[in-house]
**Student:** 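The structure's right below; bear with me while I get my questions together.
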Amino acid sequence: MASAKEILQSADWKSEKHVPVIEAKDSVKKGETVAVSVTVGKEIAHPNTTEHHIAWVSVYFLPRGEKFALHIARVEFAAHGASTQGPNTSTVYTQSSATGAFKTEKSGTIMAVSFCNIHGLWESSKEIIVE
Ligand code: FE
């Protein structure tokens, strides 16, 4: 039986357009708001069409030493060019980039998962230190 671990792909974002790029400070003070932005296709643009697009990203945080990740945010990218005229006719396309924020009292790992409607699930992570 297959496991979900097998469908979560990872790679270097500089050479693979599906990998979510996480941008956040490397270290923050306890209780300080941590601004996080996640972009898919930062170095190499991902297509954004009715047939092929990034549908959503979810952001998680795993406090150091803990077992379960917390779900910080989920963003749906919902405009992919479709209109009453058919696919790729609306001229409006959501860009696969999102910005949010959270607070934590512990250091840990920010994890992002993105979903391409035809290339599946991709992940990346970034460590942050709480001083
Ligand atoms: Fe794709």
Side-chain angles (χ1 to χ4, degrees):
M1 190 175 73
S3 152
K5 291 175 188 168
E6 296 163 40
I7 58 171
L8 207 49
Q9 305 171 86
S10 191
D12 182 352
W13 60 267
K14 287 182 178 150
S15 55
E16 169 48 63
K17 62 181 177 285
H18 290 94
V19 177
V21 178
I22 301 168
E23 290 171 287
K25 281 186 177 177
D26 294 328
S27 71
V28 294
K29 301 218 168 2
K30 198 179 252 190
E32 182 184 337
T33 298
V34 184
V36 181
S37 81
V38 177
T39 306
V40 181
K42 191 173 176 69
E43 187 80 9
I44 307 164
H46 184 277
N48 194 2
T49 65
T50 305
E51 299 84 2
H52 183 196
H53 53 260
I54 303 301
W56 52 258
V57 294
S58 265
V59 180
Y60 305 88
F61 185 69
L62 180 65
R64 188 177 287 168
E66 293 188 15
K67 182 175 179 185
F68 302 111
L70 290 313
H71 195 183
I72 301 294
R74 178 180 171 95
V75 177
E76 304 268 347
F77 305 117
H80 307 293
S83 82
T84 54
Q85 308 304 306
N88 303 305
T89 56
S90 81
T91 74
V92 176
Y93 298 84
T94 315
Q95 295 300 298
S96 46
S97 181
T99 302
F102 73 107
K103 290 182 181 180
T104 173
E105 306 229 320
K106 285 188 182 176
S107 299
T109 307
I110 299 168
M111 299 173 184
V113 177
S114 63
F115 180 69
C116 168
N117 71 318
I118 59 177
H119 295 116
L121 293 162
W122 293 79
E123 59 95 13
S124 66
S125 56
K126 176 183 172 45
E127 199 76 21
I128 60 160
I129 304 292
V130 173
E131 293 163 340

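Counting starts at 1 for both ligands and their atoms, following the listed order.
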**Student:** Is E23 salt-bridged to K126, cutoff N-O under 4.0 Å?
**Tutor:** no
**Student:** Hey, what's the ring geometry for H119 with H52, parallel, tilted or perpendicular (30° and 60° as the breaks)?
**Tutor:** perpendicular
**Student:** Do N88 side-chain atoms and T50 backbone N/O form a donor-acceptor pair below 3.5 Å?
**Tutor:** yes
**Student:** Using a 3.5 Å distance criterion without hydrogens, assess whether the side chain of N48 forms a donor-acceptor pair with backbone atoms of H80.
**Tutor:** no
**Student:** Quick one: how many protein N/O/S atoms are under 2.8 Å away from the Fe ion (ligand 1)?
**Tutor:** 5
**Student:** Do you know the tightest heavy-atom contact between K103 and G31?
**Tutor:** CD-O, 3.4 Å
**Student:** Answer yes or no: is there a donor N or O on one side and an acceptor on the other, between the side chain of S37 and the main chain of S97, under 3.5 Å?
**Tutor:** no
